[in-house]
Amino acid sequence: MLDNSDLVRAAVSKGVRSRAVIDAMRSVDRRLFVGTDSRSQELAYQDVPVPIGENQTTSQPSLIAAMLEALAIQPTDHALEIGTGFGYQTALLCRLCRTVVSVEHRAGLLEQAARNLHACGIENALVYQGDGGRGMPEHAPYTVIIGSAATPSVPQPLYEQLSQGGRMILPIGPGGHEQVILYEQRETGLAAVRTLTAARYVPMVGDYGV
Ligand code: SAH
């Protein structure tokens with residue numbers, strides 16, 4: 001039988017070393033964050049994207065883990081997530097950060113995510129429906145920003161809502177083939193630090209989409 005530790009093994013085999021990220025993965029049961037049908041439940045412990053309805057998928061766990069590791073998250077961090085989906089990445093972020101503000105465009109997915117996070121015992125997430133490309137100025141500035149939908153360039157509001165010294169990771173591209181890029185807010189402005197990997201994301205909808 002597969003279980004959560006298979007996801008940890010997959011992430012480690014792809015080079016993830018952060019103890020905090022590995023502990024977070026162990027403590028979040030991915031089965032709570034996919035559909036209840038037997039196919040989704042079967043895929044939950046495999047390192048693959050799983051469809052979550054409305055033509056969306058929850059991201060590959062090892063890719064999420066690599067992105068979280070690259071962000072070098074501290075327990076004091078205040079994070080913004082764009083694209084909640086069913087909330088799996090939100091739950092991992094919540095284990096790593098002080099607070100997480102997550103914005104999802106699709107109301108149906110957001111409602112399910114809120115239920116999933118509750119079932120997982122997560123209490124430090126604030127979830128909102130809206131266009132995450134605009135960020136969430138009410139709770140800004142953020143020390144960490146993570147995007148789960150493709151955008152052709154960094155949306156200006158995200159740049160404005162990232163604190164000095166803050167880190168941001170976004171899939172940059174046309175939707176379907178992106179570069180996952182890590183940025184840092186420096187005194188001289190936003191700097192692209194490195195490209196983590198190439199990956200495929202759904203396009204960001206709204207003002208800052210593809
Ligand atoms: N973080 C999720 C990924 C879900 S897929 C996970 O790990 O499971 C990407 C999500 O981004 C989809 O749910 C989609 O509805 C959402 N999305 C797309 N454009 C958006 C936008 N402008 N604002 C907020 N969410 C958006």
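First listed ligand is number 1; within each ligand, the first listed atom is number 1. The basis for the numbers below is simple: all heavy atoms, side chains too, and nothing from hydrogens, waters or symmetry mates.
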| query | Which atoms of ligand 1 are found less than 4.0 Å from any heavy atom of Val202? | reply | 9 (C)
| said: I want to confirm something. Looking only at heavy atoms, which of Arg30, Arg134, Gln129, Glu104 is nearest to atom 15 (O) of ligand 1? | reply: Glu104
| Numbering as shown, the atoms of ligand 1 that approach Gly85 to under 4.0 Å (heavy-atom distance) | 4 (C), 13 (O)
| task | State whether Asp207 and Arg134 are salt-bridged, where the test is any N-O pair (Lys NZ or Arg NE/NH1/NH2 against Asp/Glu carboxylate O) under 4.0 Å. | result | yes
| Using a heavy-atom cut-off of under 4.0 Å, does the side chain or the backbone of Leu109 touch ligand 1, or both, or neither? | side chain
| message | Just to check, does Glu81 reach to within less than 4.0 Å of ligand 1 when the distance is taken from its heavy atoms? | response | yes
| task | Check ligand 1 against Arg106 and write out every atom of the ligand that is under 4.0 Å from a heavy-atom position of the residue. | result | 14 (C), 15 (O)
| Is the closest heavy-atom distance from Ser148 to ligand 1 below 4.0 Å? | yes
| Taking distance alone, with no angle check, do Gly132 and ligand 1 share an N/O pair under 3.5 Å? | yes
| task | Taking only Lys NZ, Arg NE, NH1 and NH2, and the carboxylate oxygens of Asp or Glu, determine whether Arg9 and Asp47 approach each other closer than 4.0 Å. | result | no
| For ligand 1, which atoms sit closer than 4.0 Å to a heavy atom of Val205? | 18 (C), 19 (N), 20 (C), 21 (C), 22 (N)
| said: Which residue in the set Leu126, Thr90, Leu110, Leu93 passes side chain to side chain contact (heavy atoms under 4.5 Å, CB included) when paired with Ser102? | reply: Thr90
| note | Under 4.0 Å from one or more heavy atoms of Gly130, ligand 1 contributes atoms 23 (N), 24 (C)
| said: Quick check for you: to the nearest 0.5 Å, what is the distance between Gln56 atom CD and Glu104 atom CD? | reply: 7.0 Å
| query | Does ligand 1 have any atom that is closer than 4.0 Å to a heavy atom of Ile146? | reply | no
| field | Residue Val103 vicinity, atoms of ligand 1 by number, heavy atom under 4.0 Å | value | 24 (C), 25 (N)
| Sub-4.0 Å atoms of ligand 1 with respect to non-hydrogen atoms of Ser59 | 3 (C), 6 (C), 7 (O), 8 (O)
| For ligand 1, is there an N or O atom under 3.5 Å from any N or O atom of Ile52? | no
| request: Show which atoms of ligand 1 fall inside a sub-4.0 Å distance from at least one heavy-atom site of Ile64. | output: 7 (O)
| Residue pairs involving residues 140-152 (criterion side chain to side chain donor-acceptor pair (under 3.5 Å); sequence neighbours excluded) | Asp77-Thr143, Gln89-Ser148
